[in-house]
Amino acid sequence: MENSQKAKVLVVGGGGRCHAIVDALSRSPKVGKIYCAPGNAGIAAQAECVPLKDTQVQELKDFALENGVDLTVVGPEVALAAGITDVFKAAGLRIFGPSKAAATIESSKDFAKRLMEKYDVPTAAFRTFEDYRTAVEYVRGGSFPVVLKYDGLAAGKGVVIAEDFARADETLKDMLLDAHFGEGKVVVEEFLTGPEFSFMCFVDGEKVWPMAVSQDHKRAYEGDKGPNTGGMGAYSPVPLITDEDIAYSLEYIMKPVAAGMVAEGCPFKGVLYGGLMKTPAGVKVIEFNCRFGDPETEVVLPRLESDIYDIFSAVTDGTPMPEIRWSPKSAIGFVLASKGYPGSYEKGFAIEGLDEAEALGDIRIYHMGTAMKDGKYVTSGGRVLMVVGFGEDLKSAQAHALKAVSCIRCDNLFHRRDIGWRVL
């Protein structure tokens with residue numbers, strides 16, 4: 001195919017997830033030019049970065065029109081919640097991602113829980129509160145630990161597992177009285193136990209196509225200690241999750257939710273992310289997201305052997321889906337984060353050794369929060385890099401990844417060494 005006939009694609013977002021999407025698109029023979037807005041220093045090696053924020057919806061639409069963009073792919077939830085899909089479609093542009101109404105499955109925990117309740121999808125028992133006093137009395141009369149979730153978007157940090165009443169009270173004050181994440185409701189859920197896993201699916205209305213499953217590590221420190229983060233690493237596949245678990249999750253969770261969204265008048269088109277848990281009573285839903293997970297995308301998409309542009313097009317246009325094939329190889333990724341993350345941290349530290357790490361082979365390095373200064377990569381975010389290793393099994397993938405991590409030199413980064421510990 002001549003370059004002039006190849007598709008121009010715009011990826012909206014700028015972290016590791018978007019780098020993985022750009023990387024997957026760069027492998028498609030049907031894709032020519034890739035733009036990424038705003039992108040980051042690492043993404044700039046594979047796409048032209050555009051200085052527009054993911055929430056500048058009108059400006060992004062104007063850019064797509066002016067530059068003849070054939071397809072836009074949306075990474076972050078904030079852009080979807082801001083209605084980017086609706087704005088692009090109204091302008092006659094092709095865009096991969098759910099409408100603002102369908103994105104409510106992530107932007108409102110209460111909406112998601114009520115949807116599951118109505119369509120008989122297995123999840124934790126819950127109650128939703130707007131009033132601090134009522135919520136406190138309810139929690140005081142219940143059992144611990146208890147799960148408290150801010151109803152709206154909170155960049156992956158709006159969930160607290162309260163071990164006792166004092167912590168629950170402090171969290172409810174924080175969310176309902178001090179409005180730490182903004183005005184909103186709080187969902188109080190029963191605490192479930194069991195291994196968690198991420199099940200992302202391509203969805204077009206009632207049609208659902210599963211991706212390879214993965215497992216994310218949310219806690220900042222080894223042994224699953226410390227505060228919740230956006231994710232400190234991930235791996236795929238997940239040996240703890242059987243083919244039967246996956247089949248059950250597809251038939252009794254993902255498909256009924258997709259059908260429920262259609263019935264509610266907000267059909268879903270895009271990636272539906274199921275954050276699931278294999279409890280002693282079976283698989284149950286912890287949460288839904290309306291987009292690719294981060295850092296799960298960085299270990300799932302490199303395993304995709306099919307052309308991702310064809311997949312995005314089939315969902316966007318409602319045309320037949322090509323066969324989706326996955327590599328039998330395992331992938332495991334370690335996040336290198338700024339010291340102090342997920343709290344406050346400093347930026348601007350030089351990063352060296354990336355070429356050395358990538359030259360080892362069976363390695364991909366995705367940039368999450370980097371910038372370029374005086375010709376050198378520097379840290380510019382909380383999560384900075386994700387080093388992904390590949391192998392015939394998770395053990396060899398882990399060895400490749402950790403060897404690459406040891407090549408990277410920076411004075412202000414830390415990482416967990418135990419990603420995948422539940423199976424390794």
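FYI, the numbering just counts along the sequence from 1.
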Run the salt-bridge test on [X] and [Y] with the 4.0 Å N-O cut-off and return the result as yes or no.
| X | Y | value |
| --- | --- | --- |
| Glu189 | Lys149 | yes |
| Asp70 | Lys6 | no |
| Asp216 | Lys218 | yes |
| Asp418 | Arg416 | yes |
| Lys173 | Asp178 | no |
| Lys376 | Glu352 | yes |

Is [X] reaching over with its side chain to a backbone N or O of [Y], donor-acceptor style, under 3.5 angstrom?
| X | Y | answer |
| --- | --- | --- |
| Arg94 | Thr316 | no |
| Lys8 | Ile34 | no |
| Asp307 | Ser28 | no |

Check: Between Asp151 and Ser108, do the side chains contain an N or O donor and an N or O acceptor separated by less than 3.5 Å?
Finding: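 Yes.
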Note to self: Can a side-chain donor-acceptor contact be found between Tyr235 and Gln398 if the only test is distance below 3.5 angstrom?
What the structure shows: no
Next item on the list: Sort out for me which residue in Arg325, Lys329, Arg27 forms a side-chain contact (heavy atoms from CB on, under 4.5 Å) with Glu305.
Entry: Arg325
Notebook entry, point to check: Can you tell which of Leu336, Val405, Val335 makes a side-chain contact (heavy atoms from CB on, under 4.5 Å) with Leu413?
Noted result: Leu336
Next item on the list: Assess the pair Phe191 and Phe144: is the distance between their ring centroids shorter than 6.0 Å?
Entry: no
Next item on the list: Could you check whether the rings of Phe334 and His415 sit parallel, tilted or perpendicular, using 30° and 60° as the cut-offs?
Entry: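 Ring orientation, 0 to 90° scale: perpendicular.
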Checklist line | Considering all heavy atoms, the nearest Phe414-Ala220 contact | finding: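 Answer, listing the atom of Phe414 first, then Ala220: CE1-O, 3.7 Å.
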Margin query: Please find the pair of heavy atoms, one from Phe111 and one from Cys266, that lie closest to each other, and give the distance.
Written below: CZ-SG, 4.2 Å
Next item on the list: Compare all side-chain heavy atoms of Pro195 with those of Gln215 and state whether any distance is below 4.5 angstrom.
Entry: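 Yes - at least one pair of side-chain heavy atoms lies under 4.5 Å apart.
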